[in-house]
Amino acid sequence: MDAEALPLALTMGDPAGIGGELTLAAWERARHGAGPVFVVLDDPARLAALAARLGRMVPLAEVADPAGAATLFRERLPVLPVPLAAPVTPGRPDAAHAPAILSSIETAVRLAQAGKAGGLVTNPISKASLYGAGFGFPGHTEYLGALTGLAEPPVMMLACPDLRVVPVTIHVSLRRALAELTTAEILRTGRVLHRSLQADFGIAAPRIAVAGLNPHAGEGGAMGDEEGRIVVPAIEALRAGGIDAFGPLPPDTMFTPRARAGYDAALCMYHDQALIPLKTLDMDGGVNVTLGLPVVRTSPDHGTAFDIAGRGIAEPGSLLAALRMAAEMAARRNTIPGAAT
């Protein structure tokens, strides 16, 4: 079976959050053709209890691996069992759930690496719930890099139909982000972004807009010299390597509709510089994509939403978008020679 036809592996996420109800709602829509086939790595008993709580008629089918998911997906939600050690109360995270949460992610990675899943889609986790169990990573992105044995950290992209953004520094304080921003890291991130735009998004000649760090992109040094010292040398090196990167652009104007028409992705200097415009444009349809992994990985662009968990009001749009994007990426990697990044 080729990667295009393989089911996706959907992880549990934090069971006290909205991941479970998003999974149920996504299956109800996907089974009628609104999304690709997937198998969820979760506790069947907790999903059944959650469906009953929400009044959803979602029949489950326990499976040993994703192979048979496609044949039963239209009638039942395939579940690869990952048992929880303690009961779940929506909205109340519990450190006792950490081993199952991590097992779900690790198993999904193994399935994708073994060619049994087209890729993985991860439901939201709460890192605070995992730290007590020894989780030592700032987030999903860094953890997946370690699980897949990357020598360098993977790159986080946020994407929606109107915008793709990549922050160079991610889950660190702004003060630390300023200290960690280097020409070498901008260059590395830009190269990973370029390869992924070609391999995963089918863009033969990507155009990458590079944001400045300071207001007005430093205004010729009047508002900071980081553009000249750090950003410009990275852009020059990217261009010397045949990558169509340009800038640094003033961050307050580079996300207008007219500006966005001139590039395929924006390379930003820190987390909020990238995520604020993306979430403003499309909070419900944004997708978190991990670039540079040997497997496809996407995730909805929101958190666990403990405050509304268990109420059945969570909107599955971002999860459905993540599932569709993962399926499209897997199909491209399977059809384009040498496309895996």
Side-chain angles (χ1 to χ4, degrees), residues 13 18-19 22 26 121-125 127 138-142 144 153-174 177 181 185-186 189-190 192-194 196-197 200-203 206-215 217 231 245-293 296-305 314-326 328-329:
I18 60 173
L22 293 180
V121 179
T122 56
N123 265 310
I125 59 173
K127 294 178 284 293
H140 254 131
T141 300
E142 298 85 355
L144 292 168
V155 169
M156 183 177 79
M157 171 189 280
L158 281 298
C160 69
D162 293 324
L163 180 64
R164 301 181 189 94
V165 293
V166 168
V168 175
T169 61
I170 309 178
H171 298 115
V172 295
S173 70
L174 185 55
L181 185 67
E185 189 60 16
I186 297 170
T189 305
V192 172
L193 171 57
H194 175 78
S196 183
L197 288 171
D200 294 328
F201 294 89
I203 302 170
R207 302 162 299 168
I208 300 174
V210 182
L213 174 67
N214 297 297
V231 184
F246 57 92
L249 302 180
D252 60 342
T253 58
M254 66 181 290
F255 298 107
T256 64
R258 180 178 296 178
R260 296 199 309 271
Y263 58 82
D264 299 298
L267 185 59
C268 301
M269 299 300 104
Y270 56 93
H271 183 278
D272 284 9
Q273 188 184 64
L275 271 64
I276 287 173
L278 188 289
K279 292 189 176 184
T280 300
L281 281 171
D282 198 351
M283 182 66 187
D284 291 334
V287 177
N288 187 323
V289 188
T290 305
L291 312 182
L293 292 176
V296 170
R297 182 263 175 160
T298 66
S299 179
D301 180 27
H302 56 67
T304 52
E315 169 56 49
S318 186
L319 177 56
L320 282 164
L323 288 162
R324 295 188 196 105
M325 188 173 290
E328 292 166 0
M329 292 171 64

Residue list, side chain to side chain donor-acceptor pair (under 3.5 Å) with Ser318, at least two apart or on another chain: none
Between atom [atom1] of [X] and atom [atom2] of [Y], what is the distance when rounded to the nearest 0.5 Å?
X: Thr280; Y: Leu163; atom1: OG1; atom2: CG; value: 10.0 Å
X: Phe246; Y: Leu267; atom1: CZ; atom2: CG; value: 11.0 Å
X: Ser196; Y: Met329; atom1: OG; atom2: CE; value: 5.0 Å
X: His140; Y: Asn288; atom1: NE2; atom2: CG; value: 9.0 Å
X: Leu174; Y: Thr169; atom1: CG; atom2: OG1; value: 8.0 Å
X: Leu249; Y: Cys268; atom1: CG; atom2: SG; value: 10.0 Å

State, with a plain yes or no, whether a side-chain heavy atom of [X] is found less than 4.5 Å away from one of [Y].
X: Val166; Y: Leu193; value: yes
X: Thr290; Y: Val155; value: no
X: Val289; Y: Leu158; value: no
X: His302; Y: Ile18; value: yes
X: Val165; Y: Met157; value: no
X: Asp264; Y: Ile208; value: no
X: Ile203; Y: Arg164; value: yes
X: Val121; Y: Arg297; value: no

Result of checking Val168, Leu291, Thr141 against Met156 for side-chain contact (heavy atoms from CB on, under 4.5 Å): Thr141
ring-ring contact (aromatic ring centres under 6.0 Å, His included) partners for His271, two or more places apart: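 Once residues adjacent in sequence are excluded, the partners of His271 under the ring-ring contact (aromatic ring centres under 6.0 Å, His included) criterion are His171.
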Looking at every heavy atom in both [X] and [Y], which two are closest together, and how far apart are they?
X: Gly212; Y: Pro251; answer: O-CG, 3.3 Å
X: Cys160; Y: Leu278; answer: SG-CD2, 3.5 Å
X: Gly285; Y: Ala321; answer: O-CB, 3.7 Å
X: Met254; Y: Ala211; answer: SD-CB, 3.4 Å
X: Pro248; Y: Val231; answer: CB-CG1, 3.9 Å
X: Pro124; Y: Pro300; answer: CD-CG, 4.2 Å

side-chain contact (heavy atoms from CB on, under 4.5 Å) evaluation trace for Tyr270 with Leu275: CA-CA 9 Å; Tyr270 56 93; Leu275 271 64; over 6 Å; no
Within the distance-only criterion (no hydrogens, no angle test), does the side chain of [X] pair as donor or acceptor with the backbone N or O of [Y] below 3.5 angstrom?
X: Thr298; Y: Ala322; answer: yes
X: Ser299; Y: Thr122; answer: yes
X: Gln273; Y: Met269; answer: yes

Non-neighbouring partners of Asp282 that pass salt bridge (Lys or Arg N to Asp or Glu O under 4.0 Å), sequence neighbours left out: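 Testing Asp282 for salt bridge (Lys or Arg N to Asp or Glu O under 4.0 Å), a comparison that skips the adjacent residues, returns none.
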Axial cation check for Phe255 ring with Arg260, 6.0 Å and 45° limits: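 Not flagged: Arg260 not positioned over aromatic ring of Phe255.
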Working for side-chain contact (heavy atoms from CB on, under 4.5 Å), residues Leu319 and Asn123: CA-CA 8 Å; Leu319 177 56; Asn123 265 310; 4.0 Å; yes
